[in-house]
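One structure is given below, encoded as structure tokens.
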2 protein chains.
Amino acid sequence: MAATIKDIAQKTGLGLATISSYLNGGNVREKNRVKIEEAIRELHFEINETARGLKTNTTRTIGVVIPELNSVFCAKVIGRIEDTLRKHGYALMICDCRTDKVREREAVEFLMRKRVDGLINMPVDGKGRHLEKFRRTGKPVVLIDREINGLGCDSVCADNREAMKEAVKLLVENGHRGIGMVAGTQDVLTAQERLMGYEEACSENGIPLRESYIYSGDCTIESGVLGLETLVRNNPEMTAVVVGNYNMSVGVMIGMNELGLSVPEELSVIGFDNLQFARACRPRLTILDQPTGEIADHAARIMLERLGKTDCAVNAQPYKVRLKTALIPGSSVKKL
Amino acid sequence: MAATIKDIAQKTGLGLATISSYLNGGNVREKNRVKIEEAIRELHFEINETARGLKTNTTRTIGVVIPELNSVFCAKVIGRIEDTLRKHGYALMICDCRTDKVREREAVEFLMRKRVDGLINMPVDGKGRHLEKFRRTGKPVVLIDREINGLGCDSVCADNREAMKEAVKLLVENGHRGIGMVAGTQDVLTAQERLMGYEEACSENGIPLRESYIYSGDCTIESGVLGLETLVRNNPEMTAVVVGNYNMSVGVMIGMNELGLSVPEELSVIGFDNLQFARACRPRLTILDQPTGEIADHAARIMLERLGKTDCAVNAQPYKVRLKTALIPGSSVKKL
DNA sequence: TTGAAAGCGCTAACAT
DNA sequence: ATGTTAGCGCTTTCAA
């Protein structure tokens, strides 16, 4: 068994409180400090966070619930958050709910049992019902990528509407008017906003909305493939497509390949996320790039701030951070 | 504050031990069982795993240390492991060490302090020095993707040598003899094995090894780009390239794009990992696909088995699982 | 089957 | 500044 503070106390002849005080940055006489540090080294003492947690009712652990670990956006954001939080002594317990509302709720309950001090969530359930129980604990919840109204949680998202408007605008400026969209699940606010951006940009440019120009997918690669195939089949006159998330962008490129359509000669494409993928496409894909680093940094900062306070349920106003995306030009838009 | 077993005891008029016994699947009189379950429901009791952990000296938490969360291979494997382990009540604490040996060691120490019950690691330090301290606790360590000799840890890896041999063989069968390789960091066994496979296949086919045909990268996208550029510049007669990992495969495709070289007319390419990326490439990339699902399932199974035993340090033989990769044909290999 | 009581390793209130 | 002590919520002897 590992050494405990009792062992340190014994070895140094000091009391428990002194050791504890030393461990928590309290004032200890220089002479004793040296003795304690020596004992710690000799006995290979490492503080037992479990015991500490029992006493302080904290775990220094943050739960993370995401729809899919295997998604560049999630992985980038979570990786960076982990970086920051670990520097502050917090560990991340990550649960992948496979874009399933039932699993998402189970994951939150699992993490509640594990007594995490806070929750970071990219919600699948757009209503946020899976969070209600956790919120009652008064512990902080920070939403990423998707805001939920009425729940009072902090959130950090991209400015999705503006992003998609910009994409459509670029196409219009290049002479396109037959512009389709492969959109995501409409019960998630983020996907709604991106679709809204598309619709707004169309009407602002006098392009009439057509139902057959909009495909509602489920944010998977396969639905991107299917979405492209459907749009192309139903709208032979369509000259461009915008895509509402990264997975579906990969799907659309696969679809183009497998239908043997050339970009941008036969169809112009603007994708979402992942600069590296865009660079690897031939020709290079024009994309909307989300500021994943900034999103992560804001989320981590907010979480740390909330963890400093006692009760977040009663906290004044939730943060609703919105960050700008960047339209990064490739060669996938044809000038008509 | 949440309800404790004390509250349950009080409400039911039973003793603490009875409640505890109920919670741990012990025998409780039917009448009392009903009473307890009612009290649990009414008081919203949830077991405090921190307290339990202090007593039992376990956390039901597994540490995971990986070089890069933002890597399809890692994300896929870890996601699937998380699935299985969570079903058994285990949470995952994931640390991304950014392919840095120092950070890797820090991560392991961090997780030791968090008292994880076991460790899953895709090691960056090929010598495994970062694991020595943890191993002394007698807790299980399962290595994925990379074996370390002499450490006595279990490991689950792909059959890397065979994989690369197969790739080179396919090229030879198509008439190629000027075959370059963008290889990974040579202090990691996996990368060594892949390079060995390349070298073996060359010599078996009477192709003399040339130093200028081998580029040693560091498994990042950028090193893939640089690797391709270097090989092409130094070997104008080269007709094909094999790549030693996924990130570098993306890099090579980016390099092809940015040099304006066409696949497979000017250069044939065989990449590593990620079927979906391969499908999105134009033309579709021929790749070596790792059995990520199987790797994850083996790793999870071994971990659960080890967790069932008391001490893994003294356990007989470590598992050394090797799984076959699949060569999935695309259109990136030209028949000469 | 159940209850009483000790104790896991730590923190914190209080006393010195 | 340091020591003493109680107690966080649970499990686990040991008796009954």
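Every chain is numbered from 1, with letters handed out A, B, ... down the list of sequences. Here the structure is a predicted model, which means the values were calculated and not measured.
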**Study point:** Check: B/T185 side chain, B/V188 main-chain N or O, donor-acceptor pair, under 3.5 Å
**Key:** no
Exercise for review: Check whether any side-chain heavy atom of B/D83 sits under 4.5 Å from a side-chain heavy atom of A/R103, and report yes or no.
Suggested key: yes
Listing time: all N or O pairs from protein to nucleotides 12-16 of chain C that are below 3.5 Å?
none

Practice item. Send over the distance from B/N48 CG to C/dC8 C1', rounded to a whole Å. Key: 13 Å
Point to revise | Integer-rounded Å distance: C/dG9 P and A/F45 CZ | key: 10 Å
Exercise for review: Inspect the contact between A/R322 and A/E147 and indicate whether a charged nitrogen and a carboxylate oxygen are less than 4.0 angstrom apart.
Suggested key: yes
Exercise for review: Check the distance between D/dT2's C1' and A/N32's CG and give it to me in whole angstrom.
Suggested key: 8 Å
Revision key, fill the gap. Scanning both residues in full, the closest heavy-atom pair of A/D145 with A/Q290 reads OD1-OE1, 3.9 Å
**Study point:** Nearest-angstrom distance from the residue atom CD1 of B/I47 to C1' of D/dT11
**Key:** 10 Å
**Study point:** For atom CG of A/L14 and atom C1' of D/dT2, their distance in whole Å
**Key:** 8 Å
Practice item. Whole angstrom is fine here: how far is it from CD1 in B/I5 over to P in C/dG7? Key: 17 Å
Check your understanding: What do you reckon, is NZ of B/K127 surrounded by more than 12 foreign heavy atoms closer than 6.0 Å?
Key -> no
Exercise for review: Report the nucleotide, chosen from D/dC10, C/dT1, D/dT2, that has the shortest atom-to-atom distance to any side-chain atom of B/R29.
Suggested key: C/dT1
Check your understanding: If only side-chain N and O atoms of A/T18 are considered, is one of them under 4.0 Å from the OP1 or OP2 phosphate oxygen of D/dA1?
Key -> no
Check your understanding: Is it true that A/R33 and A/E30 make a salt bridge, defined as a side-chain N closer than 4.0 Å to a carboxylate O?
Key -> yes
